Number of protein chains: 2
Amino acid sequence: MKQRLPVQGAQGDLLRLVATGAAESRAGLARMSGLAASSVSLRVEELIEAGLLVEEGSGTSRGGRRPRRLCLSPTAGVLAVADLGAHHARLGLLDLSGAPLVVEEVPCEITEGPEATLDLLADAFDRLLAERVPPSVPLRGVGTGVPGPVDPATLRVVTPSRMPGWNDFPVADHLRARYDLPVLVENDANLMAAGEARSWPGRENLMVLKVGTGIGCGAIVDGRLHRGRGAAGDISHVRVSSDSSVICACGHHDCLEAYASGAALIAALADAGVAVRHTSDVVDLVNDAVPEATSMVRTAGRRIGEVLTVLVNFFNPDVVAVGGSLSAAEPLITSIRAAVYERCLPLATRDLEIAPARAGRDAALLGAGSLLLDAVLA
Amino acid sequence: MKQRLPVQGAQGDLLRLVATGAAESRAGLARMSGLAASSVSLRVEELIEAGLLVEEGSGTSRGGRRPRRLCLSPTAGVLAVADLGAHHARLGLLDLSGAPLVVEEVPCEITEGPEATLDLLADAFDRLLAERVPPSVPLRGVGTGVPGPVDPATLRVVTPSRMPGWNDFPVADHLRARYDLPVLVENDANLMAAGEARSWPGRENLMVLKVGTGIGCGAIVDGRLHRGRGAAGDISHVRVSSDSSVICACGHHDCLEAYASGAALIAALADAGVAVRHTSDVVDLVNDAVPEATSMVRTAGRRIGEVLTVLVNFFNPDVVAVGGSLSAAEPLITSIRAAVYERCLPLATRDLEIAPARAGRDAALLGAGSLLLDAVLA
DNA sequence: CCCTTTATCTTCGACATCGAAGGAAGTGGA
DNA sequence: TCCACTTCCTTCGATGTCGAAGATAAAGGG
């Protein structure tokens, strides 16, 4: 079952505030939305009538009458979201508050091209919906992350480096043909940033790094995802100063990714006679205090930190959140922090927090939910 | 005469659209504002009634009835704006559309402290108002740029490096005590960016560089000035790679400003046996094709460009506008362009324009007008 | 226990905005 | 010249939002 949400105008804002947990009573909605309490009451009544909200007991008093707690009806709908990687797709169903109902990972070769990949994705969505969601609960939106740049205007993949056959493919149109619903297509690092942002309430400017096999980054500016031309937030192909010279997959010399990514560390360890296959192996070595691995991770962190100094001075974020599999190696974040604090302007670092990412493995799915909710409630 | 603008709600939006030139008829206002044509008519009537708008002849037909052209009444009010430098203050009066009525420069030592400087400024404003503006035309807002970081929350100057006595001084409060009006205080580079942005209609993401005695930069993100913590946009204290080692005024080694600013070039030329005093002298040497000077400007441009690669990849601007006195030396922008295009991701440079700034010497005043108008029409 | 205080929520009249319909003032083609 | 068409602008009834006032429900203190 598919169905556009029957909300309009102020209803959307109110529903969003409840969905994101920003408010859970009529009075709270009035405070957060800026609407008059009377208008809120009116709209909430309609939303309850429509089966989207339900009243559920009462909240805790703030000194006066207890609020009647509002929450999303479990029958209000679900969102289907995915994050396409090179060899796997992580996908799941979320309720309208963005909380996961079910998440799973399926093997999926992105090199097989857009039609095959997206159909596999949609089949998996349909299977999950049939298995996990009563037919009476409608699907409200579909979203996916892709490991390449997405033109924000057309929702097409543009000039992807590791997605043969995808260039200029109208991903959103293809999905909309199957689901006549709001559709979201976004770069995977951007989705992760959007997901991470929900874990940092009150922080309006974030940089979110993903240091894994590769290096990805997304930026939240004034509370909103900064898209630029589809690859905003990229830091992996910044030139770093080095004695040697390495050619990156992008064709340039001495990209950050060619020195500080998990793949680069694996290669460097191999040169040093230590054979490892996955980034997690590198983390294990560091946690076992193998000196070469620790030293290499430190160097990687310092290099990342040096690139960050430029961006921290320029962008003045409140938070730099570091995620990705390599972030489990503690020296990484420590050395990033050291480089940034040593070199940035005091004003830029005064209230800056450089911290491990909080949103976990499902960050991209949560981000897709967050952005998709905006689209659904537009 | 001082007076807050008697506008509320939709009137402000409409007045802003006319002031910025985005619309010049009721129909155009309806298109741009999203309001219904009937509501527009109603509010416009009130604005005419209030003496803020006037009807002035008719515009050109778009295939049907000719629109009745609307424009700001010249008696609607003026804005007083300034840009404080180290030794001079540039100040002027603008009409509500942000167009300068009069601009002048007065000597003014910022080291004399905030009270003396701001009182001098206000005296100059009062003199200009008395000389140039009929008493019936009210002053609607006051704004100034300062050569240091400004906390956007409190409008205080924070940790300025070249403004002794100003640290934590409540500039806005001081001005508001004299003018009970909307007051704007902002970093000078940010003001310049805001002013330059008006010269690039349709471009939502800009980086605006000012390369003069120092190096300043401001960023416009999604059409709005990015403030961060008050010094967002700073690029002057980024570390550049170099064989030698120079200590910057900020205390760090090898800052961009210590290599690529006008002051740095003057020092380098002195070392090479060429005695010059001002950045404009450097420009003259380059335009006279003096090899040392040209080569040095090229190197400076390349260094600036290398720093920009990081930011262009990350931020994906539509435009990098280069202003400041040193930008009159043509090799500067050429070498910036070369460095950025060589090294950035194709997607980031595909539609990127790296061009001379368009707004001219009054950019900061125009920017102050633009931001102040928003405050006045809030 | 009763009263005051605080907060939540609803009722109701005033006002703002909307969309539909139509009048006004042009353009362009037969 | 006449007429269809487009665009601009206004009129008018329907709807949405607001703020004030009051009803409801709890906390806290004598």
Side-chain angles (χ1 to χ4, degrees), chain A residues 5-73 377-378, chain B residues 5-18 21-73 377-378:
Chain A
L5 259 185
V7 296
Q8 44 182 336
Q11 289 183 347
D13 293 330
L14 297 180
L15 203 51
R16 192 197 329 269
L17 288 168
V18 175
T20 59
E24 51 174 20
S25 70
R26 291 166 175 78
L29 283 171
R31 277 189 296 270
M32 299 295 296
S33 69
L35 294 180
S38 46
S39 311
V40 169
S41 260
L42 230 65
R43 300 306 141 213
V44 165
E45 213 47 54
E46 292 169 1
L47 287 168
I48 291 176
E49 200 71 23
L52 298 174
L53 284 183
V54 291
E55 244 173 35
E56 189 204 53
S58 48
T60 56
S61 167
R62 309 193 317 157
R65 172 175 172 173
R66 279 196 297 235
R68 287 148 70 182
R69 187 187 297 155
L70 299 169
C71 59
L72 279 175
S73 163
L377 298 180
Chain B
L5 257 187
V7 295
Q8 44 181 338
Q11 290 182 346
D13 293 330
L14 298 180
L15 204 51
R16 191 197 330 268
L17 288 168
V18 175
E24 52 174 19
S25 69
R26 291 166 175 79
L29 283 171
R31 276 189 296 271
M32 299 296 297
S33 68
L35 294 180
S38 47
S39 311
V40 170
S41 260
L42 228 67
R43 298 309 140 213
V44 165
E45 212 47 54
E46 292 169 3
L47 287 168
I48 291 176
E49 200 71 23
L52 298 174
L53 285 183
V54 289
E55 243 172 36
E56 189 203 52
S58 49
T60 56
S61 166
R62 307 194 319 155
R65 173 175 173 174
R66 279 194 296 236
R68 289 148 69 182
R69 188 188 296 155
L70 300 169
C71 60
L72 278 176
S73 163
L377 298 180

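None of the values given here were measured: they were computed from a predicted structure. Chain naming here is simple, since letters A, B, ... match the order of the sequence lines and numbering starts at 1 in each.
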What pairs of nitrogen or oxygen atoms, one from the protein and one from nucleotides 24-30 of chain D, lie under 3.5 Å apart?
from	atom 1	to	atom 2	distance (Å)
D:dT24	O2	A:R65	NH1	2.9

Can you give me the closest heavy-atom contact between [X] and [Y], atom names plus distance?
X: B:L35; Y: B:A10; result: CD1-CB, 3.8 Å
X: A:L377; Y: A:G12; result: CD1-O, 3.6 Å
X: B:L53; Y: B:V44; result: CD1-CG1, 4.4 Å
X: B:M32; Y: B:A23; result: CG-CB, 4.1 Å

Just to be sure I understand the geometry, which residues of residues 11-18 of chain A put a non-hydrogen atom under 4.0 Å away from DNA chain D?
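The stretch gives none, as no residue of it lies under 4.0 Å from the strand.
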### Task
Rounded to the nearest 0.5 Å, what's the gap from CG on B:L17 to CG on B:L70? Could you check?
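Rounded to the nearest 0.5 Å, the CG-CG separation comes to 11.5 Å.
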*asked:* For the CD1 atom of B:I48 and the CD atom of B:E45, what is their distance to the nearest 0.5 Å?
replied: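 Nearest 0.5 Å value for the CD1-CD distance: 5.0 Å.
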| message | What range of DNA chain C does chain B touch, first nucleotide to last, counting atoms under 4.0 Å from its heavy atoms? | response |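 In short, chain B contacts DNA chain C from C:dA16 to C:dT27.
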Test side chain to side chain contact (heavy atoms under 4.5 Å, CB included) applied to [X] - qualifying residues, sequence neighbours left out:
X: A:A30; value: A:A37, A:V40
X: B:S38; value: B:A36
X: A:S73; value: A:V54, A:T75, A:A76
X: B:Q11; value: B:V7, B:Q8, B:R43, B:E46, B:L47

Check nucleotides 17-20 of chain D for protein N or O atoms closer than 3.5 Å to its own N or O atoms and list the pairs.
from	atom 1	to	atom 2	distance (Å)
D:dT17	OP2	A:R43	NE	2.7
D:dT17	OP2	A:R43	NH2	2.9
D:dC18	OP2	A:A36	N	2.9
D:dC18	OP2	A:S39	OG	2.8
D:dG19	N7	A:S38	OG	3.4
D:dG19	O6	A:S38	OG	2.7

How many whole angstroms separate atom CD1 of B:I48 from atom P of D:dC9?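 Distance check: B:I48 CD1 to D:dC9 P gives 10 Å.
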Enumerate the salt bridge (charged side-chain N to carboxylate O under 4.0 Å, His left out) contacts for residues 15-24 of chain A, please, sequence neighbours excluded, ordered by first and then second residue.
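Residue pairs with at least one partner in residues 15-24 of chain A: A:D13-A:R16, A:R16-A:D374.
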| query | Just checking B:R69: base, sugar-phosphate only, or nothing, at a heavy-atom cut-off of under 4.0 Å? | reply |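 No contact.
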task: Check side-chain hydrogen bond (donor to acceptor under 3.5 Å, both in side chains) between A:R68 and all other residues, then give those that pass, not counting sequence neighbours.
output: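 With neighbours one apart ignored, the set is A:E55.
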Can you list, pair by pair, the side-chain donor-acceptor contacts under 3.5 Å of residues 57-65 of chain B, counting residues two or more places apart and other chains?
from	atom 1	to	atom 2	distance (Å)
B:S61	OG	B:G63	N	2.9
B:S61	OG	B:G64	N	3.1
B:S61	OG	B:G64	O	2.7

